[in-house]
Asker: 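Please see the structure below; I have some questions.
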Amino acid sequence: MDALAMPPLTDLQPTPDDILGDTLAGLAATPKTLPSKYFYDARGSQLFERITRLPEYYLTRVELALLEAAMPAIAQAVNDCPHVVEYGSGSGRKTRLLLEGLVDPVAYTPIEISRSALLASVERLAGEFPDIEMLPVCADFTQPVPVPEPSREARHTLVFFPGSTLGNFTEAAAGRLLRSMHATMGTRGQALIGIDLVKDIGTMEAAYNDAAGVTAEFTLNLLARLNRDVGSDFDLAGFRHLARYVPERARIETFLVSQRDQDVHVDGRAFRFAEGEAMQVEYSHKYTDAAFEALAGQAGMRVVERWNAPEDAFGLRLLQP
Ligand code: AVI
């Protein structure tokens, strides 16, 4: 695409992450914790891409097949002429399936904190969907985002949040995110959300403990990223990946477990790890219908349609205020 045809970017100048402050606060906490949002540097994003193609990681594959199969019904349930607002930079197969399948989508707005990821995604999509106006917004989608007005009037906003990314937020944070989504889409809006469903423990745990060890490498890459970006001295060989399902909280909890007594230094401060000490690094919530409906309800929304993959392996939910 030439520079003149580049879609206009709305830059809300999101506050950059305080990676050093978050690392120091997480290491000072009991138990120790680090935010999973820092998994996604260039190497982490590559490893996540590999995870989505692993035989054990059913989520991406099953959600894609579900979206494809349910698309005619989704297009009927979603009001015509929507302005599609995706949380995160889409451009992959899920976004394409949605834009191809909906009735006369007017505009497409990915909301993404990384300008480069955002522009790369809309550049690709603009070529494929010349009739859909591309209106990318650089912003933090955990806050309400003023969505740009398309030049042709859209009947309503459809927020698209696939991938069970909601599951990576704590219950309180997921509630806040849904409330802010509600504010972003307005009273006439709808939201299509992908959620992983509670199923047998073996299947869920295997998805986060693949035989090839890609997920372990993905988790450990967090420490390599911190060593590079905040100058810490984590010894990657001194930690191991641990992911297990905790039924009382309906979530996979992922940890990095210290293999020995050791000190880690960050910004001139030392943090002691005991042998066997587990540092929490990610939650991946799984939902029952009742739990998800309650979460949506707390955010002032109700589930108006639901589509499940075979054997209830994954779900898509349409929400409205
Ligand atoms: C992005 N997110 C929904 C993934 C998940 O399943 O929680 C991240 C992931 N972590 C380990 N494997 C995949």
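For the numbers below, each heavy atom of this structure counts, side chains included, while hydrogens, waters and symmetry mates do not. Index from 1, following the sequence.
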Asker: Does the side chain of Asp233 pick up a donor-acceptor pair with the side chain of Asn227 at under 3.5 Å?
Answerer: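 On atom types as modelled, these side chains do not qualify, holding no pair under 3.5 Å.
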Asker: With sequence neighbours left out, what residues match Glu217 under side-chain contact (heavy atoms from CB on, under 4.5 Å)?
Answerer: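 In terms of side-chain contact (heavy atoms from CB on, under 4.5 Å), with neighbours along the sequence ignored, Glu217 is linked to Arg43, Leu47, Arg50.
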Asker: Less than 6.0 Å separating the ring centroids of Phe169 and Tyr283?
Answerer: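 No - the distance between ring centres of Phe169 and Tyr283 does not fall below the 6.0 Å cut-off.
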Asker: So, Phe234 versus Phe239, ring centres under 6.0 angstrom or not?
Answerer: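 Distance test on ring centres: under 6.0 Å, yes.
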Asker: Does any donor atom in the side chain of Tyr245 or Lys199 lie under 3.5 Å from an acceptor atom in the other side chain?
Answerer: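 No pair is found: no donor N or O on one side chain lies under 3.5 Å from an acceptor on the other.
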Asker: Within the distance-only criterion (no hydrogens, no angle test), does the side chain of His156 pair as donor or acceptor with the backbone N or O of Gly189 below 3.5 angstrom?
Answerer: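 No; zero donor-acceptor contacts below 3.5 Å.
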Asker: I'd like to know whether Asn308 forms a side-chain hydrogen bond (donor to acceptor under 3.5 Å, both in side chains) with Arg317, so could you lay out the CA-CA distance, the side-chain angles of the two residues, the decisive distance to 0.1 Å, and finally the verdict.
Answerer: CA-CA 9 Å; Asn308 281 4; Arg317 300 289 180 264; 2.8 Å; yes
Asker: Is there a chain of hydrophobic side chains (I, L, V, M, F, W, Y, each step under 4.5 Å between heavy atoms) that links Leu12 to Leu9?
Answerer: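 Different clusters: Leu12 never reaches Leu9 through Ile, Leu, Val, Met, Phe, Trp or Tyr contacts under 4.5 Å.
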Asker: Atom CG in Leu34, atom CG in Asp22: separation rounded to 0.5 Å?
Answerer: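 Rounded to the nearest 0.5 Å, the CG-CG separation comes to 9.5 Å.
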Asker: So, Tyr38 versus Asp229: side-chain donor-acceptor pair below 3.5 Å or not?
Answerer: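 Per modelled atom types, Tyr38 and Asp229 side chains form no pair under 3.5 Å.
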Asker: Near Glu205 CD, under 6.0 Å, is it more than 12 heavy atoms from other residues, nucleotides or ligands?
Answerer: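 More than 12 within 6.0 Å, yes.
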Asker: Would you say CD of Gln259 has more than 12 non-hydrogen atoms from neighbouring residues, nucleotides or ligands within 6.0 angstrom?
Answerer: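 Yes, enclosed.
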Asker: Met181, Ile74: one ILVMFWY side-chain cluster at the under-4.5 Å cut-off?
Answerer: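 Different clusters: Met181 never reaches Ile74 through Ile, Leu, Val, Met, Phe, Trp or Tyr contacts under 4.5 Å.
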Asker: Kindly determine whether Ser232 and His265 satisfy side-chain hydrogen bond (donor to acceptor under 3.5 Å, both in side chains), including the steps that lead there.
Answerer: CA-CA 6 Å; Ser232 51; His265 302 89; over 6 Å; no
Asker: Run Leu226 and Ile19 through side chain to side chain contact (heavy atoms under 4.5 Å, CB included) and show every step you take.
Answerer: CA-CA 8 Å; Leu226 295 182; Ile19 181 163; 3.8 Å; yes
Asker: With side-chain hydrogen bond (donor to acceptor under 3.5 Å, both in side chains) as the test, would you mind laying out the steps for Glu277 and Ser258 before giving the verdict?
Answerer: CA-CA 5 Å; Glu277 184 176 345; Ser258 180; over 6 Å; no
Asker: For the backbone of Leu24 and the side chain of Asp267, can you confirm whether one donor and one acceptor N or O come within less than 3.5 Å of each other?
Answerer: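 Not a single qualifying donor-acceptor pair exists.
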Asker: Below 4.0 angstrom, N of the basic side chain to O of the carboxylate: do Arg306 and Asp289 qualify?
Answerer: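 So Arg306 pairs with Asp289 through a salt bridge.
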Asker: In chain order, what residues pass the ring pair (Phe, Tyr, Trp, His ring centres under 6.0 Å) check against Phe218, with sequence neighbours excluded?
Answerer: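 Phe218: ring pair (Phe, Tyr, Trp, His ring centres under 6.0 Å) contacts with Phe39, Tyr40.
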Asker: Salt bridge or not between Glu128 and Arg124? Use side-chain N to carboxylate O under 4.0 Å.
Answerer: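 So Glu128 does not pair with Arg124 through a salt bridge.
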Asker: Working to the nearest 0.5 angstrom, can you tell me the gap between Glu275 CD and Arg260 CZ?
Answerer: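 If we round to the nearest 0.5 Å, Glu275:CD and Arg260:CZ are 10.0 Å apart.
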Asker: Looking just at side-chain N and O atoms, do Thr165 and Asn168 make a donor-acceptor pair shorter than 3.5 Å?
Answerer: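 Absent: no donor and acceptor within the cut-off.
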Asker: Calculate, to the nearest 0.5 Å, the distance between atoms CG and SG belonging to Leu102 and Cys81 respectively.
Answerer: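 That separation rounds to 10.5 Å.
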Asker: Using the rule given for salt bridge (Lys or Arg N to Asp or Glu O under 4.0 Å), can you reason through Arg155 versus Glu153, listing the C-alpha separation, both sets of side-chain angles and the distance that settles it, and then say yes or no?
Answerer: CA-CA 7 Å; Arg155 295 243 182 88; Glu153 202 191 332; over 6 Å; no
Asker: State, without any angle test, whether Thr33 and Gln280 hold a side-chain donor-acceptor pair at a distance under 3.5 Å.
Answerer: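 Distance-only check passes for Thr33 and Gln280.
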Asker: Salt bridge check: are Arg61 and Glu63 linked by an N-O gap of less than 4.0 Å?
Answerer: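 No, Arg61 and Glu63 are not salt-bridged.
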Asker: Kindly determine whether Thr95 and Glu86 satisfy side-chain hydrogen bond (donor to acceptor under 3.5 Å, both in side chains), including the steps that lead there.
Answerer: CA-CA 8 Å; Thr95 308; Glu86 181 159 357; 2.8 Å; yes
Asker: Please determine whether a side-chain nitrogen of the Lys or Arg among Glu133 and Arg152 lies less than 4.0 Å from a carboxylate oxygen of the Asp or Glu.
Answerer: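 Result for this pair is no, no salt bridge flagged.
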Asker: What I'd like to find out is whether the side chain of Arg176 reaches to under 4.5 Å of the side chain of Thr142, using heavy atoms alone.
Answerer: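 Sidechains of Thr142 and Arg176: no contact.
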Asker: At what distance, to the nearest 0.5 angstrom, does CG of Asp104 lie from CG of Asp131?
Answerer: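 That separation rounds to 8.5 Å.
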Asker: About how many Å separate CG of Leu192 and CG of Leu318, when rounded to the nearest 0.5 Å?
Answerer: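 Atom-to-atom, Leu318:CG and Leu192:CG are 6.0 Å apart.
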Asker: Could you report the tightest heavy-atom contact between Arg225 and Asp41, atom names first, then the distance?
Answerer: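 Answer, listing the atom of Arg225 first, then Asp41: CG-OD2, 3.4 Å.
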Asker: Indicate yes or no: at least one non-hydrogen side-chain atom of Leu67 is less than 4.5 angstrom from one of Phe314.
Answerer: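 No, side chains not in contact.
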Asker: Taking atom CD of Glu311 as the centre, does the number of heavy atoms from other residues, nucleotides or ligands within less than 6.0 Å exceed 12?
Answerer: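 Not buried by this count: 12 neighbours or fewer within 6.0 Å.
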Asker: Is Asp263 salt-bridged to Arg272, cutoff N-O under 4.0 Å?
Answerer: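 Answer for the salt bridge query: yes.
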Asker: Have Thr109 and His83 got a donor and an acceptor in their side chains that come within less than 3.5 Å?
Answerer: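 Yes - a donor-acceptor pair under 3.5 Å links their side chains.
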Asker: Would you say Leu242 ends up clustered with Met279 if hydrophobic residues are merged whenever their side chains have heavy atoms under 4.5 Å apart, either directly or through other cluster members?
Answerer: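 No: no chain of side-chain contacts under 4.5 Å links Met279 to Leu242.
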Asker: Does the cation-pi check pass for Lys32 over Phe273, that is, NZ or CZ under 6.0 Å from the six-membered ring centre and within 45° of its axis?
Answerer: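 Positive - Lys32 is close enough to the ring of Phe273 and near enough to its axis.
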Asker: Between atom CG of Asp140 and atom CD of Glu112, what is the distance when rounded to the nearest 0.5 Å?
Answerer: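 Answer rounded to 0.5 Å: 10.5 Å.
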